[in-house]
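Everything below concerns the one structure shown next.
To find a chain, count down the sequence lines: A is the first, B the second, and so on, and within it residues start at 1. Note that the structure is predicted; figures quoted are calculated from it, not measured.
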2 protein chains.
Amino acid sequence: MTRRRADQIADSIEEMIFTGQLSDGDRLDEIRLATRFDVSRTPVREALQRLVASGLAVQMPRRGVFVRQPGPVELVEMFETMAEIEGVCARLAATRISDEALEELRQANLRCHDAIASDDSDGYYRENEIFHQIIYRQAGNGFLEQQALALQHRLKPYRRIQLRLRGRMSQSMAEHEAIVAALTDGDADGAAGAIRDHVAVQGEKFRHLMAHLKTPAQAPRQAGPVSGIR
Amino acid sequence: MTRRRADQIADSIEEMIFTGQLSDGDRLDEIRLATRFDVSRTPVREALQRLVASGLAVQMPRRGVFVRQPGPVELVEMFETMAEIEGVCARLAATRISDEALEELRQANLRCHDAIASDDSDGYYRENEIFHQIIYRQAGNGFLEQQALALQHRLKPYRRIQLRLRGRMSQSMAEHEAIVAALTDGDADGAAGAIRDHVAVQGEKFRHLMAHLKTPAQAPRQAGPVSGIR
DNA sequence: AAGGCATTTCTTGTATACAAAATGGTTGAC
DNA sequence: GTCAACCATTTTGTATACAAGAAATGCCTT
């Protein structure tokens, strides 16, 4: 699978948005990006279209493409949606999951545990992601799985932050174990409720962090076309 | 909002895919499409990218873009996902819906009823869509609403078919009323279950139709690059 | 005659050139 | 001094030109 230039550029810009090098309202200047990546405008435009399609940017015809960071309200909505979708996955998985997958879940949990023990935040994050992805897959619905993966990817940068909270990792672990227990019992509603709360609490924690860490003075949604690339 | 040429082309091609003028595996020839729409390759390429992003086509680097009609398995998965997402919307809406929206639902149902009385399949289809969209909105989560709308749009051509089944419209009506009743009572689980079954049965009916109407001999997924545009 | 290799042709991906629209600044009128 | 209209500049959207990789064709060998 040969990767096209435009795809790499899209990933790079996405990374820049995730890491905050580009913030909400910044105009994505085609020419500037083109010189930056040492290509012509064409692949840059294709990359921008991909970002627009995935919701990371918005396009105003004849005006340009602008970074579109979700505000607090939308973030809460996205986390709620994630929680509900994961709930659906768990409910379906409860009746469809294989014994092997259950075992994989327990293994992933063990590795999560190890990561906590060695205070390995990155490691925990990675294994936690795998844990959830196993559940998506065990819902036995490839389309749903893709939707869940897409949303998980989109929320990645925001999920990461709240892991730093004191005790959050071990609390999260306990919730994982409750989820596995419900899935083992084939308790559809129990599993759905458990994972729903598990994800919802992430959103809640994140919301708290946002409110405390920085009060971005409710940055104007319709920010002016100020380029953030220097 | 000025519409760009590329967007119009994307919609046109989407329409061609929906109406079957383009079928699974057909290669979307840039030059042919460009001459057909009397534009250069550039806007055509942008349109194709949009189709790829929305899942209606797949791109094989350096090879081209091909129509990607979901097969029976994926369709079942998509309907199941739609049923679950609508279930989520209903469950959230049960505690959030306004009295005005409840009244709108009843009105939409009345119009559905009229459409059945006058044997107006198109009218029923339209009002039915509105009914569901009200529920999406009343979930009180704009992000979730967008997801639901996107999936509803994607399943449009397949939902339409099964309405032709004898008695399907009146059965569907009855289900609608059960949903409204549950929402009125604030019965979250009841509403979720009702609409989930309501949508799931659509998928089921569709599956039956597929199996009976035409057995397309399981068209090869990796169809050759034969252009379907004459 | 069949199979493999080289060449040719065709298509995608990228760069550049051009057109049209929007922004910004300047000038002029009131 | 302020507001509006006009012009210049910048930027998007589209067309065309060019490069590189893939498929197709034909030739040569066995």
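Relative orientation of the B:H153 and B:F18 rings is perpendicular, given thresholds of 30° and 60° on the angle between their planes. A:H176 and A:H198 have perpendicular rings, their planes meeting at more than 60° on a 0 to 90° scale where under 30° would count as parallel. B:F206 and B:F79 have tilted rings, their planes meeting at an angle from 30° to 60° on a 0 to 90° scale.
One interatomic measurement links the two molecules: CG of B:L28 to P of C:dG13, which rounds to 13 Å at whole-angstrom precision. Atom P of nucleotide D:dG13 and atom CD of A:E46 are separated by 14 Å, given to the nearest angstrom. Straight-line distance from the CZ atom of A:R4 to the P atom of D:dG21: 15 Å, rounded to whole Å. In this entry the distance linking CG of B:L33 with P of D:dA15 reads 14 Å, nearest Å. Counting to the nearest Å, the C1' atom of C:dT11 and the CE atom of B:M60 are 14 Å from each other. Rounded to an integer number of Å, the gap from CD of B:Q49 to C1' of C:dT12 is 12 Å. Separating the CG atom of B:D38 from the C1' atom of D:dG13 is a distance of 16 Å, rounded to the nearest angstrom. B:R62 has its CZ atom 13 Å from the C1' atom of D:dA23, to the nearest Å.
Considering only side-chain N and O atoms, A:R5 lies nowhere under 4.0 angstrom from the phosphate OP1 or OP2 of C:dA15. For D:dT12, the OP1/OP2 oxygens have a side-chain nitrogen or oxygen of A:R27 closer than 4.0 Å. At the phosphate of D:dT12, neither OP1 nor OP2 sits under 4.0 Å from any side-chain N or O atom of A:Q59.
Crowding of B:R50 atom CZ: a count of heavy atoms from other residues, nucleotides or ligands under 6.0 Å exceeding 12. Within 6.0 Å of the CZ atom in B:R159, the count of heavy atoms belonging to other residues, nucleotides or ligands exceeds 12.
Of the candidate nucleotides D:dG13, D:dA15, C:dG13, D:dA15 has the atom lying nearest to any side-chain atom of B:S40. For B:P43, whose side chain is taken as the heavy atoms from C-beta onward, the closest listed nucleotide among C:dG13, C:dT23, D:dA15 is D:dA15. Between C:dT14, D:dG21, D:dT11, one nucleotide has an atom nearer to the side chain of A:I31 than all others, and that is D:dT11. Comparing atom distances between the A:R45 side chain and each of D:dT14, C:dA20, C:dA15 picks out D:dT14 as nearest. In the set C:dT11, C:dT14, D:dT12, C:dT11 carries the atom at the smallest distance from any side-chain atom of B:D29. Looking at the side chain of B:R41, the nearest of the listed nucleotides C:dT23, C:dA17, C:dT12 is C:dT12.
Residue B:R63 is classed as a sugar-phosphate contact, given heavy-atom separations below 4.0 Å to backbone atoms only.
Of the two residues contacting DNA chain C, namely A:T42 and B:E30, the nearest-nucleotide position lying further toward the 5' end is that of B:E30.
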